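Have a look at the structure below, then the notes.
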Amino acid sequence: MCGIVGYIGNRKTEEILLDGLKELEYRGYDSAGIALLDNEKIDVFKALGKLKNLKEKVNTYHDYNIGIGHTRWATHGKPTELNAHPHLGEYSYVVHNGIIENYKEIKESLQEQGHKFVSQTDTEVIVHLFESFNNESNDAKEAFQRTIEKLEGAFSILLISKCDPSKIFFFKHGSPLIVARGNEEGEVLFASSDAPLIGLANDVVYLEDGVGGVASATSIEFFSDNYSWSTLPTSKQYAQKDGFRFFMEKEIYEQHDVVTDAMLGRLGENEITFDEFDASIIEGIEEIKICACGTSYHAGLTASYLFERLSQTRCSVEIASEFRYKEPLLSDKTLFIVISQSGETADTLEALKMATKAGLKSIALCNVDNSSMTRVANHTVLTRAGIEKGVASTKAFSTQTVVLWMMALYFGQYKQVLSNEKINDELHALREVPKSLIVDDKIHEKTKRLSKRYLHGHGFFFIGRDVFFPLALEGALKLKEISYLHAEGYPAGEMKHGPIALADPELFTIALMPQNLLYDKIKSNVEELSARDSTICSISPLDFELSDDFIKTQKTNHYMLEFFEMLVALQLLSMEISVRLGNDVDMPRNLAKSVTVE
Ligand code: M6R
């Protein structure tokens with residue numbers, strides 16, 4: 001949520017910043033801006049909307065050697081050019097990722113001192129506060145440190161100032177920030193994630209919370225000892241579209257491969273193994289608690305069925321933003337698992353910190369290595385999905401689900417609660433997962449045709465039972481976020497307790513009807529809806545005569561294989577509806593890929 005970059009060096013500063021922001025654009029695209037500085041002057045360029053608008057504006061005929069940039073997902077203040085970062089005081093600029101919770105009181109006190117504010121953002125207070133301290137002491141470093149002490153909330157900051165024009169001041173608290181030594185002499189770079197740095201730098205510091213400093217072309221000074229250098233991966237895995245129309249489409253098609261990677265070295269001939277943690281972690285554990293947001297939460301809900309079924313361990317799942325403030329009773333007999341593609345989602349990260357502080361054993365299931373959650377949890381398990389750029393999460397979900405399924409089996413093996421035959425059946429099914437994720441051309445064509453019929457109406461219900469209920473939630477979320485149509489995921493058996501009142505031909509029901517799990521039950525639920533004239537699109541390997549539309553999946557012998565095949569169908573359907581509506585599939589309105597504010 002918001003991306004920041006910074007550069008000190010002799011290459012074309014504006015190009016480095018704009019290229020870096022391109023890599024971070026998925027984090028927010030309400031506006032973008034850069035500030036460029038040398039000994040003589042500061043220039044700033046800002047534009048509303050996507051980065052290409054900023055690129056069109058940036059025309060410099062000057063060799064700058066310092067710059068900072070920002071791509072915004074609006075939190076305080078509407079997406080306007082005035083609210084776009086970098087924010088200016090009289091002689092300094094700041095970019096910020098996070099939320100300053102106490103900005104109102106700081107702003108009021110600065111206004112009393114005569115400071116004039118032009119934006120509605122929380123960020124603007126940072127630069128005024130800095131200048132107010134700097135005007136007092138004429139010591140930029142001290143002024144920056146005093147500024148940080150005053151701020152509350154989450155903030156990763158880069159600040160440049162004409163009062164000390166060869167330096168970038170930096171600080172990380174809550175939101176991610178990386179400092180890097182560039183490959184060329186006298187270069188320092190900053191970014192919210194490592195993608196903008198790959199190819200430009202090898203040595204990086206993933207800043208811990210509470211760590212800041214000041215960098216110039218010749219030195220990087222940290223304000224505390226709590227940092228260490230590590231090496232950036234060199235493989236430049238920039239996700240390109242590879243001929244697909246959208247990153248989302250590419251990522252749907254990649255699921256077969258990345259799920260294979262997720263199983264490598266974990267799915268053995270006769271058993272599951274994880275190098276990252278030992279199954280004995282489950283010893284003495286009475287409950288597994290999963291915490292996550294959005295799509296990752298849906299993976300967690302799916303896993304709760306699998307953990308109870310396969311490892312006979314009680315499992316509860318919580319939405320991280322709810323968990324944080326409910327004053328949860330935490331017991332050290334609970335294994336705490338967080339699930340997050342980015343590893344940076346603010347609510348999930350805070351929930352993890354609460355759990356580890358309370359002494360719970362923790363596992364972070366993340367896609368991004370070195371992300372904040374991986375540094376807080378006792379154990380990290382990577383999902384190996386590769387960079388996911390589409391804001392609508394696809395391959396992150398399939399890899400999370402398959403890894404969680406393997407974990408459930410791993411614990412089941414350890415606890416000896418499963419027969420050998422059952423273990424073999426599960427292992428066999430797991431080996432078939434990649435196949436079930438291969439996109440079937442016929443299904444893709446079908447979703448393109450169906451997309452025409454589902455552009456009106458007063459809403460969608462996605463219904464399913466058991467693990468197909470979280471899958472229904474996921475199908476509805478995909479449709480909502482990229483098509484902007486109202487959709488709800490619902491447990492099929494619950495429809496008659498209220499929502500069925502909505503049924504009429506303009507209510508579209510997407511029914512997940514697996515052959516291998518509760519088929520007769522869901523069939524009755526769909527019949528009830530059909531009897532009340534809802535338009536039914538069923539997804540099933542079995543023909544269902546009451547369907548108005550039908551997506552036919554393969555016959556298999558395990559419900560989880562049906563789960564993955566239906567997942568692909570749902571992802572394609574939402575994408576094709578979004579395309580038909582002319583929406584931006586990869587960067588839907590109002591959203592950001594990584595939600596680093598609560
Ligand atoms: O990075 P995380 O997995 O923690 O992100 C959680 C949600 O923000 C994310 O899954 C979101 O719901 C996606 N846009 C859904 O497609």
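Please read all numbers here as calculations on a predicted model, not as lab measurements. Counting starts at 1 for both ligands and their atoms, in listed order.
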Put together the list of close N/O pairs, under 3.5 Å, between ligand 1 and the protein, could you?
{"from": "ligand 1", "atom 1": "1 (O)", "to": "S340", "atom 2": "OG", "distance (Å)": "3.4"}
{"from": "ligand 1", "atom 1": "1 (O)", "to": "Q341", "atom 2": "N", "distance (Å)": "3.4"}
{"from": "ligand 1", "atom 1": "1 (O)", "to": "S342", "atom 2": "N", "distance (Å)": "2.9"}
{"from": "ligand 1", "atom 1": "1 (O)", "to": "S342", "atom 2": "OG", "distance (Å)": "2.7"}
{"from": "ligand 1", "atom 1": "1 (O)", "to": "T345", "atom 2": "OG1", "distance (Å)": "3.4"}
{"from": "ligand 1", "atom 1": "3 (O)", "to": "S296", "atom 2": "OG", "distance (Å)": "2.6"}
{"from": "ligand 1", "atom 1": "3 (O)", "to": "Q341", "atom 2": "N", "distance (Å)": "2.7"}
{"from": "ligand 1", "atom 1": "4 (O)", "to": "S340", "atom 2": "OG", "distance (Å)": "2.6"}
{"from": "ligand 1", "atom 1": "4 (O)", "to": "T345", "atom 2": "OG1", "distance (Å)": "2.4"}
{"from": "ligand 1", "atom 1": "5 (O)", "to": "T345", "atom 2": "OG1", "distance (Å)": "3.4"}
{"from": "ligand 1", "atom 1": "10 (O)", "to": "T295", "atom 2": "N", "distance (Å)": "3.0"}
{"from": "ligand 1", "atom 1": "12 (O)", "to": "T295", "atom 2": "N", "distance (Å)": "3.4"}
{"from": "ligand 1", "atom 1": "14 (N)", "to": "V391", "atom 2": "O", "distance (Å)": "3.0"}
{"from": "ligand 1", "atom 1": "14 (N)", "to": "E481", "atom 2": "OE1", "distance (Å)": "2.9"}
{"from": "ligand 1", "atom 1": "16 (O)", "to": "T295", "atom 2": "OG1", "distance (Å)": "3.3"}
{"from": "ligand 1", "atom 1": "16 (O)", "to": "S393", "atom 2": "N", "distance (Å)": "2.8"}
{"from": "ligand 1", "atom 1": "16 (O)", "to": "K478", "atom 2": "NZ", "distance (Å)": "3.0"}
{"from": "ligand 1", "atom 1": "16 (O)", "to": "E481", "atom 2": "OE1", "distance (Å)": "3.3"}
{"from": "ligand 1", "atom 1": "16 (O)", "to": "E481", "atom 2": "OE2", "distance (Å)": "2.4"}

**Asked** Taking the six-membered ring for Trp, is the centroid-to-centroid distance between Y490 and F462 below 6.0 Å?
**Response** no
**Message:** Going by side-chain hydrogen bond (donor to acceptor under 3.5 Å, both in side chains), name the pairs with one or both residues in residues 467-476, residues two or more places apart or in two chains.
**Reply:** T295-E474, H298-E474, E474-K478
**Message:** Looking at D209 and K353, is there a salt bridge between them, counting it only when a charged N and a carboxylate O are closer than 4.0 Å?
**Reply:** yes
**Prompt:** Can you list the residues that meet the side-chain contact (heavy atoms from CB on, under 4.5 Å) rule with N53, with sequence neighbours excluded?
**Reply:** A47
**Asked** If you measure from the Lys or Arg side-chain nitrogens to the Asp or Glu carboxylate oxygens, is any gap between K326 and E318 under 4.0 Å?
**Response** yes
**Request:** List in chain and number order the residues that pass salt bridge (charged side-chain N to carboxylate O under 4.0 Å, His left out) with K357, two or more places apart in sequence or in another chain; answer none if no residue qualifies.
**Result:** none
